[in-house]
Amino acid sequence: MPELPDLEVAKNVLNRTLTGRTIEEVEIGSPVLLRRPTAEVFATELQNRSFKEFSRFGKFLIFHLEPPAHLYINFMLAGRLRLQSPSDPKQKKLGFRFQLDNNQDIRYHDAKNMGKLYLLLQDESTSLIPNFDDQGPDALDPNLSLEVFRQRIQKFQAVIKHVLVNQRFIAGLGNAYADEILFAAHVLPFRKRSTLTDSEIEALFFATKSVLQNAINTISARAGDTLQFELRDFLQVHGKGSESCRICGTIISSVKSGVRVANFCRECQE
Ligand SMILES: [Zn+2]
């Protein structure tokens, strides 16, 4: 599933390759993804608008269009963007296809149909997107200092992994990178937040910044100008259950918690 580093790289690729391009044709494959407005309005409104800029906030990728409109995409579990040729065969589970004025398509596929798209016109506000305005600062926000991180985390009482993936704390972390950050900070995922020492919270803060930035650098180097970067072989613990820890050789643990699996090393994390 796409998480912050994937979306950050996608944003950069799109800014490099599609800024200024105009949407000539809109095809909606799966209207259920469109949370607002309806499919017909969505298609009509997008046609003939141009891409002004692409940005990211938390787990949302945002297409800023001209004349002014903003398309917010939350990829959830299985959303994927692809740059393709209009003549490429259509795959199943097409969410939308925009044909652009450079004879290229940008296509969104969603094997689980769980993604959520919101088109905000002109001065419509993000309060129309459920829970959007409740999010904390983006995990890579330069204003998210250690002090701010410390103050914010005090308000959350759950186990630390659940705090990290709570978008109200900071925006952008999901299951995979929460596992990676906890590993880098040497903290076990099921510790209650209130049991963490000052130095553990500091370690989590610096791990958040460094794990995300390293992942962005790795994914970016591999992706070039494509949007194909689902490989996550560079992760240390997430998805590595029953493999050996790269630091100490202990078998990586897998513990199911709700619908998610937590991966961690019992030796390296405490
Ligand atoms: Zn280990």
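Order of listing sets the numbers, starting from 1, for every ligand and every atom in it. Heavy atoms only: backbone and side chains are in, while hydrogens, waters and symmetry mates are out.
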*When you measure from the side chain of R191 to the backbone N and O of I160, does any donor-acceptor pair fall under 3.5 Å?*
no

_Donor-acceptor pair between Q135 and R168 side chains, under 3.5 angstrom_ = no

*Scan side-chain atoms only and decide if T17 and D225 contain a donor-acceptor pair under the 3.5 Å cut-off.*
no

*For residues Y108 and F75, establish whether the separation of their ring centroids is below 6.0 Å.*
yes

*Heteroatom count (protein N, O or S) under 2.8 Å of the Zn ion (ligand 1)*: 4

_Aromatic ring proximity Y72/F63, centre distance under 6.0 Å_ = no

*Taking NZ, NE, NH1 and NH2 as the nitrogens, is one of them in R49 or E45 under 4.0 Å from a carboxylate oxygen of the other?*
yes

